[in-house]
Chemist: 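Here it is: the structure, laid out below.
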Amino acid sequence: MQNSRDHFGSQFGVLVAVAGSAVGLGNFWRFPYLVGTYGGAAFIIVYILFVLFLCLPIMFSEFVIGRRSQSNALGAFKKLAPGTGWWGIGILCVAASFAILSFYCVIGGWTIEYMYQSVIGGFSADSVVQNQHFTDFSTSPFRPILWHLVFLGMSAFIVVAGIKNGIEKYAKILMPILLVMIIFIAVRVLFLPGASQGVSFLFRPDFSKITGQSLLAALGQAFFSLSLGMGCIITYASYVKKEESIVKLGTYSSFADLGFAMLAGLAIMPAVFAFGISPSEGPSLVFVTLPLIFAQLPLGNIFAFVFFASLLIAAITSSISLIEVVTAYFTEELKVSRRLSVAITSAVVVVTGSLSALSFGVLKEVKIFGKGFFDMFDYLASNILLPIGGLLIVIFIGWVLSKSAVKEELSSGGRYKVPIFGVVMFILKFVAPVAIALIFLNSLGFLKLF
Ligand code: PFF
């Protein structure tokens, strides 16, 4: 029996919505530059191992919590562990959503500016000029804010429409388009002379490059990329019907995220090598070096437009999941209408996002704990809230919720066999808590591993 909450209408709908949340700027903007910085194929192998052996069980945990409770990220813990303080995780989730939205929407806005620049032919093949373009734009007090508002407005519009008629409907349209567009770019790039060097960088591992630092970077990236540790999957899973197999859904969406990360690598790395750019360029890789590359290609503006449109789609299907975490909390716990919940969430992000956008220019000198607003929100979410949230979620499933409840949920009330149950529980009880605690302590600088 389903309750009166909105639900995803089909298994494909859930799949594209969860994959839509996972596939985002993390795949297209962050993954390629981390691969570039941490040594290519060796980093990718470590990343894949983390996704399979650590993140997949955590993904299942969030599905269990959400689907079993049919509640928002805070209500879920109130229902599953009444009278305890575990609902505090929900507060962390809501805080993490706000923190991520505050910088994510700014980069989402940048992708719209870059689409606009592709249309007006604004990219230069001269690296000094292109660098200056990026600096002028990112430090301007007006355009980044405008585009961030447009991006936020588009995301809010989708979330207001609800789960089935908003999030699911748009994910079903946008995710297949994203797949086609990114394959289009990857194929074009693979035909560039010199591309093979980039491909071998992606596929020929040099294990001497693996260090403690790269292991931790891979683990952190896997978390962020799969939208884990902050109630996002819990919230989406709460709209999944009881008869769906959550093991299947979790596995497929994680593989989709991995697949898109590889495609993003294939679309970007060979181009970087073909034009003799350093793959370890860092966060500016996508926004500075790619326009430079596109400006040198015949019909480059078309490819640039498609590429930045892909980034925009990937970013929107993720930002809606972040807004939904807060919206579900407001509507269910504070009994506010969906429309008002989205309005309040957006109003907050208008302010915090603008502060982030301005921290590249006008507010450059304003520092909180030594960081500008953009970096502070990113650091707060990725290095503090997400690891704590993830750690608590894993402990909750491994040690608090009864084993039979976890099994019942994973098997969808006995409908499906879960042959890997023992392994999953072992990872959740012992391996995951230790691994997450290590990333957390390391990122705070309390531990220097290797
Ligand atoms: N997974 C998204 C990405 O890779 O860009 C980012 C993200 C979305 C993180 C939703 C967390 C989240 F809840």
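One is the number of the first residue; the rest follow in order along the sequence. Atoms within each ligand, like the ligands themselves, are counted from 1 in listed order. Since this is a predicted model, take the numbers as computed values, not measurements.
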Chemist: Using distance alone, determine whether Ile100 and ligand 1 share an N or O pair under 3.5 Å.
Modeler: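 For ligand 1, there is no N or O atom that lies under 3.5 Å from one belonging to Ile100.
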Chemist: Is a salt bridge present between Lys242 and Glu409, judged by a nitrogen-to-oxygen distance below 4.0 Å?
Modeler: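 Yes.
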Chemist: Tell me whether the count of non-hydrogen atoms from other residues, nucleotides or ligands lying under 6.0 Å of CZ in Phe275 goes above 12.
Modeler: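 Atom CZ in Phe275 is packed in, count exceeds 12.
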Chemist: Can you tell me which residue among Tyr379, Phe360, Tyr104 is in a ring pair (Phe, Tyr, Trp, His ring centres under 6.0 Å) with Phe374?
Modeler: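 Single ring pair (Phe, Tyr, Trp, His ring centres under 6.0 Å) partner of Phe374 among Tyr379, Phe360, Tyr104: Phe360.
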Chemist: By number and element, which atoms of ligand 1 are closer than 4.0 Å to a non-hydrogen atom of Leu322?
Modeler: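 Close to Leu322: 10 (C), 12 (C), 13 (F).
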Chemist: Please report which non-hydrogen protein atom sits nearest to atom 5 (O) of ligand 1, along with the residue it belongs to and the distance in Å to one decimal place.
Modeler: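 It is Tyr104 OH, 2.5 Å.
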Chemist: Numbering the atoms of ligand 1 from 1, which are under 4.0 Å from a heavy atom of Met230?
Modeler: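 Answer for ligand 1: 11 (C), 12 (C), 13 (F).
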Chemist: Answer yes or no: is there an ion pair linking Lys78 with Glu332, defined by an N-O contact shorter than 4.0 Å?
Modeler: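 The answer is no: the pair does not qualify as a salt bridge.
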Chemist: Just distances here: any N/O of Val23 and N/O of ligand 1 closer than 3.5 Å?
Modeler: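 It does not: no N or O of Val23 is found under 3.5 Å from an N or O of ligand 1.
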Chemist: Tell me the nearest of Ser227, Gly26, Gly24 to atom 10 (C) of ligand 1, using heavy-atom distances.
Modeler: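 It is Ser227 whose heavy atom sits nearest to atom 10 (C) of ligand 1.
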Chemist: Can you label the angle between the Phe303 ring and the Phe184 ring as parallel, tilted or perpendicular, going by 30° and 60°?
Modeler: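 Rings of Phe303 and Phe184: parallel, under 30°.
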Chemist: How are the rings of Tyr114 and Phe123 set to each other: parallel, tilted or perpendicular (split at 30° and 60°)?
Modeler: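 Geometry flag for Phe123 against Tyr114: tilted rings.
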Chemist: Would you say the ring centers of Tyr47 and Phe31 fall short of 6.0 Å from each other?
Modeler: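 Yes, the ring centres sit under 6.0 Å apart.
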Chemist: List every atom of ligand 1 that sits less than 4.0 Å from any heavy atom of Ser21, numbering the atoms from 1 in the order shown and giving each element.
Modeler: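 Per the distance check, 1 (N), 2 (C), 8 (C), 10 (C).
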Chemist: Could you tell me, atom by atom, which parts of ligand 1 come under 4.0 Å of a heavy atom of Ala22?
Modeler: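 So the atoms of ligand 1 that pass are 1 (N), 2 (C), 3 (C), 4 (O).
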Chemist: Number the atoms of ligand 1 from 1 as they appear, then name those within less than 4.0 Å of a heavy atom of Ser321, with their elements.
Modeler: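 Reading through ligand 1 atom by atom, the close ones are 10 (C).
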Chemist: Checking a contact table here: which protein heavy atom is nearest atom 9 (C) of ligand 1, and how many Å away?
Modeler: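 The answer is Phe224 O, 3.5 Å.
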